[in-house]
Amino acid sequence: MRNFLVRRLGFSLLSLIGATFIVFGLSRMAGDPLYLYASPEGYGRTPEQIRALEQKLGLDKPFVVQYLFWWRDVLRGDLGRSLVGDRPVTRVISEKFGNTVQLALAGWMLATIVGIPVGVVSAIKRGTLWDYSARFFALFGQAIPNFWFAILGVLIFSVQFEVLPSGFKGEGFSIKHFIMPTIVVGTASMAGYLRMTRSAVLEVLDSEFVKLARSKGVSGRVVIWKHVLRNALIQPITISTLLLAGLLNGTLVAEAVFAWPGLGRAMLEAVRANDFPVMMGGVLFFVIIYIVFSLIADLLYAVVDPRIRYS
Amino acid sequence: MNRLLTRRSGVRLATIIAALTMFSVAAGACGTSGGGEDPTQTPVVIDRTVVVPQTVVVPQTVVVPQTAVASPTSAPSNLAPDPQSAPNTAELVAPNRVGLTMTGLNSAGAPDGPWGIAEGFFQPCGPVGEDIVCPVLAENWDVSPDLSKITITLKQGVQFHGGWGEMTADDVVWSFNDLISPASTHNQSGDYSANFGEMVKVDDYTVELPVSNYSVVWNQALFNTFAGANGTFSKKAFDEMGRDWALENVIATGPYQLVEFSPQEVVRLESFSDHHTKPAGMEFLNVRDVPEASTRLAMMRNGQADIADISLNRINELREMGFRTSDSGKASQMAVIFSGNYWEQHDYNCSVGQPSVSCPDLVPGNPEQVEVERAGYLHDENHPWIGEYGNEESMERARKVRRAMALAIDTAAINETLLDGLGWELFMTSFSTRDPNWDPKWEWEYDPDEAVRLLEEAGYPLVGNTRFEVNLFVTNHAGGPTGTAGEMQSVIGAMWRAIGIPTSLDRQDYAVWRPTVVERTQSQPFLSACGGTDARDSVPWDFPKGVAYTTLSRGGFSCAMEIPFVLEKHLEAATEPDRPRRIEINTELADYYAQEWLVPGIVVVPEPLVWNPKKIASWEMRANASGTHIVSLDTIVPAE
């Protein structure tokens with residue numbers, strides 16, 4: 001296990017460096033960051049101003065040196081300051097991340113609470129209307145584009161029936177403001193859960209030990225709850241952590257359509273403005289989240305399935 | 001068993017059919033442009049063929065409204081939804097790109113001035129057509145005879161928000177000098193510092209402004225919320241609370257004070273009761289960042305929002321629902337800019353002893369003739385719109401090509417189809433057809449046959465389907481490549497293709513393209529409202545025009561051409577104190593533009609805001625030519 005952890009840490013570090021290096025390079029290639037400070041048809045900046053800004057932002061150094069300096073600051077806990085707002089990047093992230101967590105968690109809970117049980121039912125009642133309905137729902141959930149689904153929801157529930165707000169997060173905790181964004185965020189994951197669970201249950205249902213249990217006269221309910229589910233849910237449970245990590249990184253569409261003030265939108269605006277300190281801070285943050293969650297998934301796998309041992 | 005299988009098969013078949021049907025509906029809906037924006041779209045360079053119907057219905061006459069505001073015919077106001085906000089509060093929704101970063105204190109993109117939070121010396125007196133120069137923080141001003149300095153007497157008794165005391169010269173001087181400081185992030189810093197030096201305090205209510213490049217419109221452009229955005233902030237608050245605090249707690253003097261600022265979420269404003277003239281009409285105003293156009297539309301329709309920035313092609317629909325519109329006059333004059341005509345040989349700045357990018361080591365005051373680098377000056381067969389200055393044959397040939405490319409564009413159809421008829425005519429950039437000085441002799445009509453004749457005459461016969469090729473870029477005006485301007489680009493490309501000019505639609509990011517015009521390497525036409533205030537339809541006729549079309553702007557943005565005649569007229573107008581004479585000078589410039597076809601107009605694209613008449617009784621916006629169309633928030637009159 002120790003060797004496994006050390007290896008994982010090494011790979012994680014490489015991923016971190018690789019991802020941040022790529023984004024660092026892309027942000028430099030996307031145009032002059034100083035352009036942000038010149039009005040589009042304005043005079044621009046005087047040479048003196050350009051020199052001063054380059055010094056202030058560290059752009060006067062070679063590319064690799066800038067990248068290393070960035071890592072030096074990161075290790076000191078300083079992610080730099082946003083070019084647009086001149087605010088600490090750590091503050092930008094901390095302000096927005098909570099909102100993203102709320103939305104991602106809500107979507108994840110919906111996906112888990114609905115997706116797994118429906119997947120189980122679909123597998124148990126294979127070939128019936130339950131099964132076909134569930135599979136249709138899974139197809140719908142995975143095929144439908146998020147942004148279209150979100151806009152359709154706004155049109156129907158906000159404009160036509162006026163039962164839900166069109167956007168924003170609302171003051172405090174407002175359940176009405178959560179409903180549509182949560183459904184949009186959770187639907188694709190729900191569909192994924194459903195299919196995965198159904199496949200896993202079907203696989204276990206057809207296994208020899210289940211047939212043996214049935215032939216010994218064990219009741220159907222006991223077979224399902226005691227034998228099938230315990231084995232079938234290994235994969236969905238371990239995948240759920242990766243799913244959550246994916247949702248934390250991927251609520252952008254819902255945030256944009258519903259004007260949800262999350263980190264995804266902040267990153268989108270940073271990309272638009274070539275605000276590279278925020279981009280770098282955000283990428284670092286998201287990669288760390290993914291690394292941590294994938295490690296948790298692997299460890300969970302070993303806990304849930306005694307056949308798995310890392311050496 | 002067979003019945004079971006049949007039943008199962010039937011259910012399975014029904015499910016599959018239903019699924020395919022839903023999938024088809026979803027796929028079809030994805031392909032329609034329902035007004036939504038894809039926030040993840042990344043601009044890319046594309047080359048595509050656009051199919052345009054062979055016949056286009058062209059109205060024989062185009063009625064141009066006499067007023068600057070798009071015709072406000074609306075259905076009865078009681079059709080509008082009931083507002084969800086509190087009676088003394090208005091909710092305004094707009095996408096972030098209009099400046100909702102709102103960081104204040106001379107930071108990049110801060111809309112403190114237009115939003116009525118921070119004030120400068122002057123502001124427009126009223127809507128388009130009224131005087132632009134109404135004193136706000138300035139009471140009197142005096143320009144020295146040698147035009148080297150301006151002395152300004154400040155208004156007394158002006159209070160800062162939050163009880164931070166009275167505004168004095170210390171605050172004004174500090175605010176301005178911070179704006180032009182070398183490390184300033186204010187995005188007009190370069191514009192100010194190119195023309196003025198550091199401000200100096202004379203006494204508590206008098207300041208002196210050194211001038212390096214005098215322009216007669218100094219109090220209409222840069223020091224006026226009409227086109228500039230310098231605000232006065234409390235130095236005391238900054239000194240006591242620090243920069244980080246001051247960035248988010250903007251302490252200024254405007255009719256609105258900032259109550260809360262959450263980036264990309266909301267800006268909460270409250271009417272400032274101690275304002276030196278008149279507090280804002282609407283007691284509370286929340287400006288919210290809503291990036292998705294469909295969502296903003298939905299919010300208006302269900303009453304969640306009271307004011308919104310809505311796509312132009314949905315305005316008429318909302319008017320029929322009882323909504324109203326207001327317009328500050330900040331309409332973009334979209335024109336085709338025929339890049340590459342860099343006809344000036346020397347950098348004018350160096351010629352008058354001013355250091356420039358062409359002569360960085362020049363000692364100020366020591367004129368020097370310095371030849372400019374103009375890599376984009378490609379007067380060859382592949383760039384037929386570029387003429388060789390001094391070679392009359394080349395110039396005439398290029399003129400014919402430019403004229404032909406202009407005549408091939410059905411501008412009326414563009415207005416009717418893409419702007420739902422809400423735009424109005426434009427025949428050349430910088431000169432509005434709504435101005436009383438406009439002369440109908442400058443007008444021209446869509447004539448593709450004449451365009452073909454001119455191209456043949458210029459020596460560009462059709463070979464296969466091609467006379468020559470063109471790459472057409474579009475800037476971020478009027479919605480940019482993903483909005484109305486992008487649609488215009490596609491349509492123009494198709495119209496040029498129809499007369500034998502295959503056109504690649506260049507969709508690269510503006511930040512990547514901009515250096516080519518700064519460095520004068522750009523040689524391909526582009527679609528733009530180019531030249532800053534030059535291309536805002538609300539700008540008065542007598543404003544000195546054309547800086548971005550000359551070497552005066554070397555080192556900064558340009559419209560990818562440098563024209564000696566434009567330089568001459570600009571310099572004349574910039575120092576001419578007599579307004580009628582400035583009008584004459586610019587009329588000569590209009591004659592020149594009409595004759596040379598360098599900047600043929602397409603259409604003027606207005607930017608109105610939609611509002612709910614059950615929340616707002618009236619909203620007369622002041623004239624505006626700044627970078628944002630969300631202005632004059634303080635002139636909103638709440639409904640009873």
Side-chain angles (χ1 to χ4, degrees), chain A residues 30-32 35-49 51-53 55-56 83-87 92 95-96 127-129 132-133 135-136 139-140 143-145 147-148 151-152 154-155 158-159 162 165-168 252-253 256-259 261 265-266 268-269 272-274, chain B residues 8 11-12 15 18-19 22-23 26 29-30 34 36 38-40 96 101 103 107-109 182-185 187-191 193-194 244 247 262-265 288-292 294-295 298-299 301-302 304 357 360 476 509-512 514-515 518 530-532 548 553 555-557 627:
Chain A
D32 184 2
Y35 157 73
L36 177 68
Y37 298 130
S39 65
E41 306 111 358
Y43 181 81
R45 318 291 291 188
T46 62
E48 185 191 20
Q49 286 176 325
R51 272 194 300 274
L53 276 173
Q55 260 183 338
K56 180 181 173 181
L83 297 188
V84 172
D86 198 17
R87 304 165 77 236
V92 172
E95 273 176 2
K96 302 298 178 192
T128 66
L129 187 62
Y132 292 124
S133 301
R135 284 160 62 190
F136 167 72
L139 180 67
F140 176 85
I144 203 152
F147 71 89
W148 182 84
I151 292 170
L152 190 68
V154 167
L155 179 65
S158 290
V159 179
E162 294 188 27
S166 308
F168 307 139
L252 171 63
V253 169
V257 174
F258 297 106
R265 263 182 63 200
L268 176 64
E269 293 307 327
R272 274 192 181 141
N274 204 17
Chain B
R8 277 187 182 172
V11 171
R12 184 181 299 170
T15 307
M22 286 300 299
F23 186 79
C30 291
D38 178 358
T40 63
N96 184 58
T101 47
T103 52
S107 292
S184 166
T185 57
N187 63 3
Q188 284 185 296
S189 176
D191 301 340
S193 56
D244 281 354
L247 279 173
S262 293
Q264 288 145 23
E265 193 174 347
R288 296 184 187 270
D289 180 5
V290 179
E292 174 56 41
S294 305
T295 308
M299 287 179 174
R301 290 178 63 178
N302 67 13
Q304 199 174 352
V357 68
N476 288 336
D509 192 70
Y510 181 76
V512 177
R514 188 177 184 272
V518 172
C530 196
S553 68
F557 182 80

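Within every chain, numbering begins at 1; the chains are lettered A, B, ... in the order of the sequence lines, protein sequences first and strands thereafter.
- A donor-acceptor distance shorter than 3.5 angstrom exists from the side chain of B/T295 to the backbone of A/V257, with no hydrogens or angles considered.
- No donor-acceptor pair closer than 3.5 Å links the side chain of B/Q304 to the backbone N or O of A/P165.
- Note that CG of B/D289 and CZ of A/R265 are 4.5 Å apart. Values are rounded to the nearest 0.5 Å.
- Listed for the B/N302 side chain is a donor-acceptor partner under 3.5 Å among the backbone atoms of A/S158.
- A/Q55 does not touch chain B: none of its heavy atoms, backbone or side chain, sits under 4.5 Å away.
- Taking the side chain as every heavy atom from C-beta outward, A/V154 and B/E292 never approach each other to under 4.5 Å.
- For B/R301, there are no side-chain hydrogen bond (donor to acceptor under 3.5 Å, both in side chains) partners, not counting sequence neighbours.
- Within the 4.5 Å cutoff, the side chain of B/Q264 has heavy atoms near those of the A/K96 side chain.
- By the 4.5 Å heavy-atom criterion applied to side chains, A/F168 and B/M299 are counted as neighbours.
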